[in-house]
Number of protein chains: 6
Amino acid sequence: MQRTALVISAHSADFVWRAGGAIALHARRGVAVTVVCLSYGERGESAKLWRQPGMTLERVKADRRKEAENAAGKLGVADIQFYDLGDYPLHVTEEALCRLVDVYRAIHPSFVLTHSREDPYNHDHPVATDFAQHARIIAQAHGHKQGEKVLGAPPVFLFEPHQPEQCNWKPNVLLDITEVWDQKRAAIECMEGQEHLWEYYTRVALQRGAQAARNSDRKITYGEGYENVFPHVVSDLIP
Amino acid sequence: MQRTALVISAHSADFVWRAGGAIALHARRGVAVTVVCLSYGERGESAKLWRQPGMTLERVKADRRKEAENAAGKLGVADIQFYDLGDYPLHVTEEALCRLVDVYRAIHPSFVLTHSREDPYNHDHPVATDFAQHARIIAQAHGHKQGEKVLGAPPVFLFEPHQPEQCNWKPNVLLDITEVWDQKRAAIECMEGQEHLWEYYTRVALQRGAQAARNSDRKITYGEGYENVFPHVVSDLIP
Amino acid sequence: MQRTALVISAHSADFVWRAGGAIALHARRGVAVTVVCLSYGERGESAKLWRQPGMTLERVKADRRKEAENAAGKLGVADIQFYDLGDYPLHVTEEALCRLVDVYRAIHPSFVLTHSREDPYNHDHPVATDFAQHARIIAQAHGHKQGEKVLGAPPVFLFEPHQPEQCNWKPNVLLDITEVWDQKRAAIECMEGQEHLWEYYTRVALQRGAQAARNSDRKITYGEGYENVFPHVVSDLIP
Amino acid sequence: MQRTALVISAHSADFVWRAGGAIALHARRGVAVTVVCLSYGERGESAKLWRQPGMTLERVKADRRKEAENAAGKLGVADIQFYDLGDYPLHVTEEALCRLVDVYRAIHPSFVLTHSREDPYNHDHPVATDFAQHARIIAQAHGHKQGEKVLGAPPVFLFEPHQPEQCNWKPNVLLDITEVWDQKRAAIECMEGQEHLWEYYTRVALQRGAQAARNSDRKITYGEGYENVFPHVVSDLIP
Amino acid sequence: MQRTALVISAHSADFVWRAGGAIALHARRGVAVTVVCLSYGERGESAKLWRQPGMTLERVKADRRKEAENAAGKLGVADIQFYDLGDYPLHVTEEALCRLVDVYRAIHPSFVLTHSREDPYNHDHPVATDFAQHARIIAQAHGHKQGEKVLGAPPVFLFEPHQPEQCNWKPNVLLDITEVWDQKRAAIECMEGQEHLWEYYTRVALQRGAQAARNSDRKITYGEGYENVFPHVVSDLIP
Amino acid sequence: MQRTALVISAHSADFVWRAGGAIALHARRGVAVTVVCLSYGERGESAKLWRQPGMTLERVKADRRKEAENAAGKLGVADIQFYDLGDYPLHVTEEALCRLVDVYRAIHPSFVLTHSREDPYNHDHPVATDFAQHARIIAQAHGHKQGEKVLGAPPVFLFEPHQPEQCNWKPNVLLDITEVWDQKRAAIECMEGQEHLWEYYTRVALQRGAQAARNSDRKITYGEGYENVFPHVVSDLIP
């Protein structure tokens with residue numbers, strides 16, 4: 001049976017900056033990755049688009065969707081879904097919650113990626129995290145849509161926020177993404193409206209790569225940091 | 001080349017209660033495990049022995065050493081070393097530090113096990129942890145005994161203290177020790193002077209096993225919890 | 001005047017596992033204990049019931065209610081109320097909040113027991129805690145239902161979650177429940193749908209008992225741990 | 001251009017106890033300070049008024065408004081707005097959120113003052129903080145009311161809660177308010193319904209003043225403590 | 001048998017500012033309180049004395065000793081011991097450690113009072129705390145001076161540092177000292193060399209008293225705050 | 001009177017990577033900066049030198065000293081002192097402590113820069129921090145070398161460790177070093193033995209610059225992050 005993974009992104013570009021390496025890496029290894037974008041980031045993360053004359057909310061959303069689809073293509077995403085819940089503020093609803101529960105149960109992901117628990121710079125990110133974890137818990141409930149196969153206990157990894165220390169985010173997993181860096185960079189470059197972040201996130205990848213090399217005895221150039229919510233359950237302690 | 005592991009135990013019974021499962025498990029898989037006991041726990045953890053008439057410090061130490069050697073045998077320990085630094089308080093010296101550095105460099109362990117960082121019930125445990133980590137860092141220094149092969153970056157796992165919450169110890173790794181539980185129990189029973197702890201640590205193993213099962217989709221009965229000091233460096237996120 | 005206590009439980013079994021000893025102990029000493037079950041745990045904590053053929057939501061709720069009433073009987077609960085707010089997710093409403101405020105003011109509890117502040121395994125538990133504390137604060141407001149006697153400042157104790165370290169719950173109160181253990185065990189056995197937890201929570205009681213003995217000079221076999229939200233106000237420091 | 005500041009107060013007296021010194025000080029230096037009172041604290045913080053015979057909710061609100069306006073006058077507040085959202089519980093709405101966003105954009109404050117992130121004694125205070133920060137973030141979004149000038153990055157300072165340690169509030173900024181103490185005391189005395197707090201908050205000011213003196217080489221008698229949410233961005237490190 | 005208590009003070013005035021109320025209160029109730037002053041605070045906390053012409057280290061120590069003895073008299077201290085270990089820095093030795101262990105075993109205190117774990121303003125305070133806890137643990141060891149009755153598990157309360165939030169000290173016990181306030185004030189006034197602190201610590205007592213009143217339903221004017229190191233072991237939860 | 005600053009560096013290169021910008025910036029503004037290097041980092045941070053044939057400890061120290069002096073020259077350091085206390089482990093002595101106290105009193109620095117409080121990758125860094133703070137406190141004591149002018153309360157800023165999140169270091173001050181970046185880069189390039197870090201720390205400066213820009217309304221390219229140990233004492237809150 002094919003393995004799957006689930007990425008829950010508050011805005012339509014977050015999965016690229018923060019988890020593009022993990023997505024490309026697992027896709028390359030045959031994991032079918034589903035990305036759920038709760039909003040397009042149309043109000044809060046599209047400054048450059050709004051500077052164009054005559055811009056409308058619908059056009060921003062359409063452009064952002066296009067960019068996200070292009071990036072997903074570069075990364076080998078199997079399925080990308082747009083919930084269009086609005087941003088700044090993100091409006092999570094019980095209906096959307098059930099929809100996400102259905103995704104969990106449809107794909108039974110091996111792992112889940114989402115935002116940090118705190119972010120004083122962004123109100124939508126922690127809302128998305130809470131939403132993602134809430135849906136995961138409901139998907140485990142035998143009494144929710146009785147008869148469906150309930151979800152197991154996939155690990156949840158929180159990807160890196162823009163200003164990690166201020167978000168009290170502390171990486172306890174460093175993923176080597178060297179072999180897929182070119183794909184991540186190509187996906188980053190699909191985010192035409194946020195070109196000012198391209199180099200910023202390239203440097204993030206280099207720093208996490210250097211740290212990963214220093215915390216292991218391997219040669220690693222590019223990395224992504226994650227914070228694991230639940231304990232790792234392991235069969236041995238060999239790194 | 002044979003893999004190795006290093007366990008640093010403040011008193012001569014700590015490695016049994018806290019890491020006996022990990023030791024037996026890795027020994028069974030061909031890992032040569034070295035255990036360093038910094039003291040015999042002769043003053044602070046031998047109450048039952050001291051209740052015997054005519055007991056002397058030397059006899060307590062000899063009995064404790066015997067118990068530890070017996071337990072090590074049950075667990076398949078490759079090498080057990082006694083530094084005899086005294087307990088309550090544990091006296092760490094620069095000479096002992098260098099001796100431990102030599103052990104790191106002699107075996108180049110794949111991983112290291114030691115105590116929690118804090119313990120309001122025990123002054124020696126955090127001293128042992130600091131000592132273990134200090135030696136690890138010196139073993140990485142090119143200028144220490146120039147010409148020797150320096151240590152890489154083996155992960156350090158902190159094993160479970162007696163009262164975990166009070167020590168601010170939080171397990172982020174749960175190890176399945178079900179297959180070697182009988183060995184751990186046998187080793188525990190070598191600790192004749194601390195029989196009151198046998199059932200206590202059997203329950204600890206059952207609770208960590210239940211938690212491990214609940215944090216995974218596996219059937220696990222007995223477990224050990226560890227807190228990882230450094231980030232895991234990984235090639236993928238599949239559990 | 002009779003003393004009272006208030007226990008606020010997200011699901012209808014939580015008060016048993018987590019506070020059964022405290023309830024039985026205080027009941028035995030003449031304290032009238034009111035238990036408020038915000039939901040039956042019908043969706044999320046009734047896996048065994050849902051495995052029965054032809055099960056419906058109403059039947060699960062009825063069975064769970066019966067189990068909870070039976071357990072309450074074993075513990076000597078004075079009053080058990082079911083708010084039936086639904087679980088997974090728990091839907092707290094302003095109407096339910098006012099109802100709980102009324103309970104606070106009707107009984108003026110000497111202390112309050114509820115869930116931990118965090119729980120990554122359970123979305124309803126922290127919601128219940130927030131709800132319980134919120135109602136307590138409103139009950140203290142002179143402008144809420146003017147003329148009623150306002151609530152004083154009863155201490156709030158947070159009972160033990162399923163995986164304490166992962167919930168950042170740290171017990172600073174250990175209650176000796178040895179004398180009522182048989183009652184707690186009998187109440188636990190009323191939870192027929194969750195038999196897999198009987199031994200788990202028996203071991204929890206034994207571990208907390210051992211810790212309580214070690215943190216005092218008393219003989220204690222069974223215990224319950226609590227985290228006090230507010231400072232203890234005391235007249236002396238003698239334990 | 002005139003500098004401005006924004007103070008967001010859950011109840012109509014909070015800005016006096018907690019930020020009266022900062023308001024008076026900046027007003028004296030030509031900063032136009034806007035105070036937004038989300039509620040009058042009519043239910044939860046008006047015990048003395050409710051003890052008067054025949055008191056009604058409307059009369060309490062009117063009295064509280066009067067007191068707040070008087071205090072604002074003493075402090076030199078430029079603009080005070082009452083959102084009348086109710087208290088215990090405070091009902092924040094999306095409409096109120098947009099109204100506050102408009103204030104941010106109308107005045108472009110140099111800094112923002114609001115409550116601590118946690119407060120186990122008060123449910124409204126953290127709600128107000130979250131609301132204030134949320135509005136600040138939306139005011140920064142280019143897609144919110146396109147065409148308006150977006151907000152920059154004004155620092156947010158959290159003022160002192162009633163029981164600081166219990167709120168996990170830690171002051172990292174101490175403001176010398178000695179020169180405006182008389183004004184703050186006069187404003188405090190406008191709060192006729194809460195006379196029991198006058199001396200309490202005078203002592204708070206003296207303690208923070210003593211601490212400020214001790215953390216600098218200046219002579220300071222009265223102070224206010226703040227916790228800065230975001231890093232200070234500075235051009236030098238000279239105190 | 002008479003109850004006892006042990007107070008371990010880094011400098012010879014700390015026990016007065018920080019624990020004078022607890023000492024007087026328990027002395028009044030028949031508890032024999034032993035105070036151990038590790039140093040006189042002769043270098044670091046005697047600024048006023050050093051401003052006198054011709055002052056010498058010996059004279060400062062003599063004056064400080066006198067002040068401490070006078071204060072101890074006001075508080076009803078049963079025994080005050082001066083270890084004269086020097087201050088700034090405090091030099092703790094193994095000999096002094098054994099001497100303190102002997103005190104623990106000689107009096108078997110019902111509780112222990114000492115400093116906070118951290119203090120960025122004072123290097124000696126955390127050293128004293130560690131020393132006090134270390135001695136307590138050794139006093140529990142059966143192998144230390146075999147044959148002596150070992151210490152039980154007296155609770156340790158950390159008294160209030162000068163700047164509580166900066167020391168990450170959080171009071172979880174508030175002691176009503178109203179009935180002995182006059183004695184504490186009289187003892188404070190024995191500290192002639194630190195007159196600038198008299199009012200400061202009077203305000204501390206008033207603030208902690210107000211908080212104690214607010215966290216209970218009692219009338220309390222003066223209080224002292226403590227942080228409990230170990231869990232309270234209790235027989236019931238009634239406040 | 002000329003302003004001064006004091007930088008305390010565990011190894012002879014730390015002041016360059018971590019505080020080079022602050023040093024150059026303040027030097028340019030007329031502040032006389034004293035750098036104290038506690039060791040040369042000769043054993044632990046000179047891997048490249050040790051790979052040269054025939055290398056000796058003395059030659060490594062001489063080369064490291066030369067590099068540090070060159071870098072200090074690029075940064076405009078007024079005085080650089082080498083205490084030669086050894087590294088891996090750093091041996092701090094009471095004599096060295098007094099020497100550092102003398103420096104504090106000789107220059108009366110406006111601010112102090114040193115390492116983070118924790119660093120699991122480096123045992124010497126936290127030792128240096130503790131040493132620096134300890135000396136600062138002794139320099140404040142009137143009884144230390146009576147008659148000398150005692151130190152005031154200069155702020156202490158902790159500079160960025162190699163892996164910030166793992167050290168629980170959280171920057172609350174971001175310093176704009178754009179105008180002196182060329183000097184810092186030139187100083188970095190003096191560290192010939194650690195060329196692998198040149199780009200790493202250039203990226204650190206760019207990331208902190210981007211964060212500083214985002215936390216202010218200024219254009220900033222390069223930055224340095226600091227964690228302030230003590231509260232800022234300020235006269236106003238305008239950024």
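In what follows, chains are A, B, ... by sequence order, proteins preceding strands, each numbered from 1. In this text, all values refer to a predicted model and were calculated from it rather than measured experimentally.
- Shown here for F/T129 and F/S116, the closest heavy-atom pair between the two residues is OG1-O, 2.9 Å.
- Residue pairs meeting the side-chain hydrogen bond (donor to acceptor under 3.5 Å, both in side chains) criterion with at least one member in residues 17-27 of chain F, sequence neighbours excluded: F/D14-F/R18, F/R18-F/Y201.
- Side-chain atoms of E/Q211 and E/R208 include a donor-acceptor pair closer than 3.5 Å.
- Considering only heavy-atom pairs separated by less than 4.5 Å from chain E, the leading option among F/R117, F/H144, F/H134 is F/H134.
- Ring geometry for F/H125 versus F/H115: interplanar angle under 30°, hence parallel rather than tilted (30 to 60°).
- In this view, F/A153 and D/D217, F/R136, F/Q140 satisfy the side-chain contact (heavy atoms from CB on, under 4.5 Å) rule, not counting sequence neighbours.
- Listed by first and then second residue, the side-chain hydrogen bond (donor to acceptor under 3.5 Å, both in side chains) pairs involving residues 94-103 of chain F are E/H91-F/E94, F/D102-F/K145 (not counting sequence neighbours).
- Interface residues of residues 77-90 of chain E toward chain F, defined by a heavy-atom distance below 4.5 Å and sorted by number: E/Y88, E/P89.
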